[in-house]
Visitor: 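The structure follows.
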Amino acid sequence: MTDSNPESPDARTPSNFLRDQIAEDVRTKKYGDAVVQTRFPPEPNGYLHIGHAKAICINFGLADEFGGKTNLRFDDTNPEKEETEYVESIKQDVRWLGFEWDRLCYASDYFGRLYEWALELVKAGKAYVDDLTADEIRRHRGTLTEPGTDSPYRTRTVEENLDLFMRMKQGEFPDGSRVLRAKIDMASPNLNMRDPVMYRILHATHHRTGGEWCIYPMYDYAHGQSDSIERVTHSMCTLEFADHQPLYKWYIAQLGIFPSEQIEFDRLNLTYTLLSKRKLLQLVQEKRVNGWDDPRMPTLSGLRRRGFTPEAIRAFCAQIGASRTNGTTDVEMLEHFQRDDLNRRASRAMAVLHPLKVVIDNYPAGQEEFVDVANNPEDPSAGTRQVPFSRELFIEHDDFREVPPPKYYRLSPGKEVRLRNAYFVTAKSVVKDAEGNVVEVHCTYDPASRGGNSPDGRKVKSTMHWVSAAHAIPAEIRLYDKLFTKADPYDLEEGQDVLSNLNPNSIEILTGAKLEPSLANAKLEGRFQFERVGYFCLDPDSAPGKLVFNRTLALKDTWAKIEKKAGA
RNA sequence: UGGGCGAUCGUUCAAUGGCAGGACAAUGCCCUUUGGAGGCAUUUGUCCAGGUUCGAAUCCUGGUCGCCCAGCCA
């Protein structure tokens with residue numbers, strides 16, 4: 001069921017500026033005969049989300065197109081936020097998406113080399129130890145419109161800097177007491193160039209190096225050099241790092257090392273979706289969702305549990321491409337690619353979410369028979385199965401109206417409809433409860449219409465799904481809706497937090513659903529279309545005798561649209 | 001009010017000085033044993049003002065609007 005080819009068969013790959021740039025560099029042999037080398041550099045401080053999927057597809061996909069290689073590199077320079085749990089989940093998610101890295105790397109692998117290089121810069125008079133507090137450094141940095149001012153420690157001698165920096169490493173000083181800074185230009189219009197901090201003192205346990213280090217490199221000092229060490233030719237990152245490029249280049253130039261180059265592209269934004277790791281972490285910590293893999297989360301683990309497939313996500317990423325414009329992609333685009341994928345491969349089954357009992361008055365009591373049903377009309381090779389039919393059935397409550405509105409084609413008194421793959425039935429009478437609700441519909445069936453066609457050529461306007469009451473198996477069904485009520489979750493009233501736009505009805509749990517018996521054998525990896533209802537998959541919460549299904553997506557619903565329009 | 005980046009159908013991505021096109025969405029019709037899927041058709045766009053050119057979405061100038069940057073986060 002899984003496809004190792006990143007490109008789905010008919011996915012187009014429109015040209016984009018990243019591909020063009022790489023093609024150009026290969027053509028002009030910018031890096032000689034070196035292969036195209038990319039990297040996907042997540043910080044292990046949270047779970048990967050759909051936005052990362054775009055970055056993964058770009059980095060792995062493009063390298064692959066040019067016969068190059070991609071490293072998975074953990075950008076683990078901040079021990080206070082990073083955990084092994086995240087490392088493991090990230091590896092799992094990258095593989096699940098369908099990609100295999102060339103080398104598994106960690107920025108922390110380079111701590112020794114980074115330190116040596118820092119020593120080199122100190123000796124060259126290009127870095128200095130600053131005793132200013134964080135607050136003082138901030139004040140000296142100046143503002144967007146005013147230049148910064150030199151730290152009084154900027155003119156320390158090389159010897160003193162060397163001594164202090166080595167002692168920082170030895171652990172002689174407390175957290176925050178000193179930093180190592182690059183000596184560049186406090187008047188630069190680019191704030192990143194105003195003597196950026198290279199190292200800070202952090203007496204923290206690192207998820208990989210443990211207590212070995214008490215000074216840690218900053219992102220800017222670590223990232224480019226890590227790229228360079230790995231001989232990354234195209235270091236693709238998101239737009240907000242564009243301002244860092246001069247610094248990225250500066251370190252590499254001062255050190256005279258392999259000239260990796262950074263190229264920025266736009267971050268993915270989706271309507272009705274939050275894609276900030278920090279905010280996602282908050283949802284998890286405050287238990288607004290049930291963990292990182294809650295099916296409502298835009299994380300890859302959440303999408304996976306929800307029933308999304310790597311193929312669909314890759315096709316989506318291929319379609320949205322990459323550019324340098326900030327925009328927001330309609331989440332419907334993602335949903336489209338998921339429906340498209342599932343429509344082709346999901347096994348069909350019949351399941352009634354809100355059961356309404358139907359009795360076929362002229363069908364012999366105690367009799368049962370099996371009808372032949374296609375497992376997937378889109379794919380004849382999927383074969384057929386036998387589904388039990390009997391006198392008492394369940395149909396969807398919505399599929400019967402005692403007083404049908406205009407254009408309602410389904411069952412109503414006197415109307416004949418088709419029970420899918422079974423028989424034509426005509427509603428004759430109803431049974432109501434004390435409140436006047438319809439609780440049972442009595443029908444007659446036409447024995448000659450077995451299989452779903454009448455020999456006399458009679459047509460019906462509607463086909464409905466059903467399950468045999470005696471054979472049905474119960475299940476819990478979890479329906480999901482958007483996590484946020486607004487297309488832009490950041491569309492807020494004064495003083496409000498994004499979480500105030502959380503959709504209170506993003507999950508609905510149905511406990512009375514009735515499924516056709518074949519679903520008892522559903523596997524966790526299975527993908528199903530409950531006909532006329534939507535796409536579903538088994539949730540890991542399922543236990544023997546207790547099935548739990550997640551709705552991945554509903555089927556497109558023309559009738560709902562008609563009804564909505566009529567109501568509006 | 002400094003610097004960087006950007007602006008093409010409602011959304012997203014193409015068109016790389018030569019007929020503005022695809023996908024999503026929307027609308028209508030056809031088809032249908034899923035009101036699903038599929039097919040056909042339709043609607044809507046080059047931010048503004050100048051300039052260069054036989055010819056400009058593309059190049060130039062000036063505006064306008066949007067995003068990013070003042071962590072010892074990444």
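Every value quoted in this text rests on a predicted model; they were computed, and no experiment measured them. Lettering follows sequence order; numbering is per chain, from 1.
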Visitor: Using only side-chain N and O atoms of Lys277(A), determine if any of them is under 4.0 Å from OP1 or OP2 of C73(B).
Guide: no

Visitor: Under 4.0 Å between a side-chain N/O of Ser323(A) and OP1 or OP2 of G6(B), yes or no?
Guide: no

Visitor: Measuring only the C1' atom in each nucleotide, how far is C65(B) from U46(B)? A whole number of Å is fine.
Guide: 16 Å

Visitor: So is Arg418(A) actually on top of Phe424(A)'s ring, under 6.0 Å and inside 45° of the axis?
Guide: no

Visitor: Looking at G18(B), which nucleotide sits across from it as a Watson-Crick or G-U wobble partner, both distances under 3.5 angstrom, or is there none?
Guide: C54(B)

Visitor: How long is the line joining CD1 of Ile50(A) and C1' of U12(B), in whole Å?
Guide: 15 Å

Visitor: Taking N and O atoms by type only, does the side chain of Gln245(A) place a donor or acceptor under 3.5 Å from a partner on the base of G4(B)?
Guide: no

Visitor: Determine which nucleotide pairs with C72(B), using a 3.5 Å limit on both distances of a Watson-Crick or G-U wobble pair.
Guide: none

Visitor: With heavy atoms under 4.0 Å as the rule, sort Asp220(A) into base, sugar-phosphate or nothing.
Guide: nothing

Visitor: Are the charged groups of Arg345(A) and Glu378(A) less than 4.0 angstrom apart, N to O?
Guide: no

Visitor: Taking only side-chain N and O atoms of Thr558(A), does any of them lie within less than 4.0 angstrom of OP1 or OP2 on G36(B)?
Guide: yes

Visitor: Quick one: look up who G35(B) pairs with, Watson-Crick or G-U, both distances under 3.5 Å, and put none if it's unpaired.
Guide: none

Visitor: With no angle test and no hydrogens, is the base of G71(B) tied to the side chain of Arg138(A) by a donor-acceptor pair under 3.5 Å?
Guide: no

Visitor: Any side-chain N or O of Arg324(A) under 4.0 Å from OP1/OP2 of G66(B)?
Guide: no

Visitor: If you draw the axis of the six-membered ring of Tyr272(A), does the NZ or CZ of Lys486(A) fall within 45° of it and under 6.0 Å from the ring centre?
Guide: no

Visitor: With respect to the side chain of Met218(A), which nucleotide from G71(B), U27(B), U34(B) is positioned closest?
Guide: G71(B)

Visitor: Looking at Tyr106(A), does the NZ or CZ of Arg208(A) lie under 6.0 angstrom from its six-membered ring centre and within 45 degrees of the ring axis?
Guide: yes

Visitor: Quick one: the side chain of Gln529(A) and the base of U34(B), do they pair up donor-acceptor inside 3.5 Å?
Guide: yes

